[in-house]
Amino acid sequence: MSSAQIEIQLIASLVAIACAIPGTFLVLRKMALISDAISHSILPGIVIGFFITHDLSSPLLIILAALSGVVTVILVEFIQKTGLVKEDTAIGLVFPALFSIGVILIAQNANDVHLDVDAVLLGELAFAPFDRLIINDFDLGPKSLWIIGVILSLTITLLIAFFKELKVSTFDAGLASALGFSPAVVHYGLMTVSSITTVGAFDAVGAVLVVALMIAPAATAYLLTNDLKKMLGLSVFFGVCCAIIGYWVAHALDASIAGSMTTVLGVLFLLVYLFAPNRGLFSVLYRQRQQRIEVSLLTFLLHLNNHSEESERHVNHLNEHINWQKVKSKSVLNLALNNNMIVIDNDIVSLTAKGKKFTNEAIDYIITNKNSEIENMKDRFFLFRG
Amino acid sequence: MNTIKMEKPAPKTNSTSSQDRAIAVRIDDLTVAYNYKPVLWDIDLAIPEGVLMAIVGPNGAGKSTLIKSILDIIKPIAGSVQIYNKPYKKQRSLVAYVPQKGSVDWDFPTTALDVVMMGTYGSLGWIKRPGQKQKKAALEALEKVGMLSFKDRQISQLSGGQQQRIFLARALVQNASIYFMDEPFQGVDATTEKAIINILKELRKAGKTVIVVHHDLQTVPEYFDWVTFLNVKKIATGPVKDIFNDDNLTKTYGINYKVSIQG
């Protein structure tokens, strides 16, 4: 690995971490769309900053661009507060307006400056190692590494200091307000950090793909854990993994680094969405199928419990009486047999002691709806899990 | 910021007359509007210390809005609110709040214990983090509402009644003098309702003031000793035995209302 390759991966990883942290809270606050808006509407800020400084990594440019991100949020909220349109409409109105101002500004002045829409939208990580921070002839490394490093330190410091405030205002803004933690302060703090991070990251991955780095790792982590700290940790982990894997995919395919990173993020989300242990699609489908079978089983056992007459309990009369297909009644019959809940004698089905006990417990649960009695059954049967 | 010590007024001996009690919450000329449409109109209300009070009224009467504007969550367009003769901002430590269960996202990645711990954040102030002392208080509150064995359960895996108990525990941990609750009985079963009302009655016995937005008119005489009828304007407020009658109910709900009142 050349030193340029190491530097690129290092920058990509820091960008991923810096994005994953605010991204986690944006996802939990159901504000994923606002990151999309911010990432587009920082464009006029970047362009104006670039005209003033002629340097894409100047702090003034970053501040101006972050400011236009915060302005986006304020405008969205202002339009939303009029009550005439909903939030998603307000977002859809604000960011194309600001973005288009940026596009026109670039187009009008593109002849004499080195800034084009492609670079802003997609970034160019491969060039990052060439723009170096040199002080007194001493090479301190790529400029963008320093920029994102400073932004990341700021983000981590704020996260540690205000973790409690972020958590309570995200979960319950009303309580946060009543306790004296102004949700508005926390909200705009988070928006400012998101804007600054977007500006710092756009250089590397571009203004569009930075959204993927904010939202995809957090959305993936959300499917896997029930703990906010773990969710933050997983988001960071997924972000870094995808950044590095994405780099090598781009290397192998000779494709865009940002494009490859985002593709890897998408693939990872898809895999987790399908295979996550509890919330994954397959796990949910399996659980629903189990529940369906168990409901059938219970219906069947209740029927046996309620009817002592033999004609009602004949195997052949089963589908007729409970109105089931042959296949289904057979699978339910087998399930009950395998669990030693019934015995079949001369094609007459009867409940065993265990089957009786289970049926009574289940009836009790359904009637009383008391959780205490059902706690131990929850482990054995999907039916009684929430 | 944390050095301001509140003098918690000593609870007076139980007396039903409002004259010789301290006023826990005083509301003067309160008007609240959403988009310039008043939802609360010129409310005057004095809630004496140590009562267990129901706020009743039809949907859209402004019951939740009243609580939220007392707690400074909604800014009124006119009027003032005083908690023991001082603005709410100076008396935060005296007040605990149980929002409507539906106001939060129960899929939030956190545990029952952690939600209860949030009740201690107010006493900590900004930046400081909860420690062992706060955890102990939270565990005690969980035990009080009978939810200790669920402390590590993810909150989405709790039933509606259990979630409501968690919210109650979060208010208890604040160890406040005044408790505001927004429909704590919504969507809970009879057992949980009994458990909650018993805790509320205990709070009143300890001299606390409890204010509850309530929907079930049948249970008002059984659960509460004080009641406020609200429908955009204040209709009546006072002891249940004096003012909980068909006349006030009709005035509040606008239809001929008949409720049999015991005792």
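Here the structure is a predicted model, which is why all the values come from computation and not from measurement. Labels below follow one simple rule: chain letters A, B, ... track the order of the sequence lines, proteins then strands, and each chain is numbered from 1.
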Close aromatic pair by centroid cut-off 6.0 Å: B:Tyr97 and B:Phe180: no
(request) Ignoring hydrogens and angles, state whether a donor on the side chain of B:Tyr84 or B:Glu49 is under 3.5 Å from an acceptor on the partner side chain. (result) yes
Per-residue tally against chain B (heavy atom, under 4.5 Å) across A:Leu179, A:Thr225, A:Asn226 peaks at A:Asn226
| query | According to the interplanar angle, ranging from 0 to 90°, do the rings of B:Phe167 and B:Trp106 count as parallel (below 30°), tilted (30 to 60°) or perpendicular (above 60°)? | reply | tilted
If one checks every heavy atom of B:Ile155 against chain A at 4.5 Å, the contacting part turns out to be side chain
If one checks every heavy atom of A:Lys167 against chain B at 4.5 Å, the contacting part turns out to be both
Output yes when a side-chain donor or acceptor of B:Ser103 lies under 3.5 Å from a complementary backbone atom of B:Pro99, and no otherwise. no
Most contact-rich option vs chain A, by heavy-atom pairs under 4.5 angstrom, among B:Asp105, B:Thr111, B:Val115, is B:Asp105
Of the listed B:Leu71, B:Val95, B:Ile73, the one with the largest count of heavy-atom pairs under 4.5 Å with chain A is B:Ile73
Applying a strict 4.5 Å limit to non-hydrogen atoms, the region of A:Val185 in contact with chain B is side chain
Counting heavy-atom pairs under 4.5 angstrom with chain B, the leader among A:Phe171, A:Phe163, A:Phe162 is A:Phe171
So, the part of B:Asp114 with a heavy atom under 4.5 Å from chain A: the answer is side chain
| said: For A:Tyr273, does the six-membered ring have the charged nitrogen or CZ of A:Arg279 within the cation-pi criterion, i.e. under 6.0 angstrom from the centroid and within 45° of the normal? | reply: no
Between the NZ atom in A:Lys164 and the CE atom in B:Met118, the distance rounded to the nearest 0.5 Å is 11.5 Å
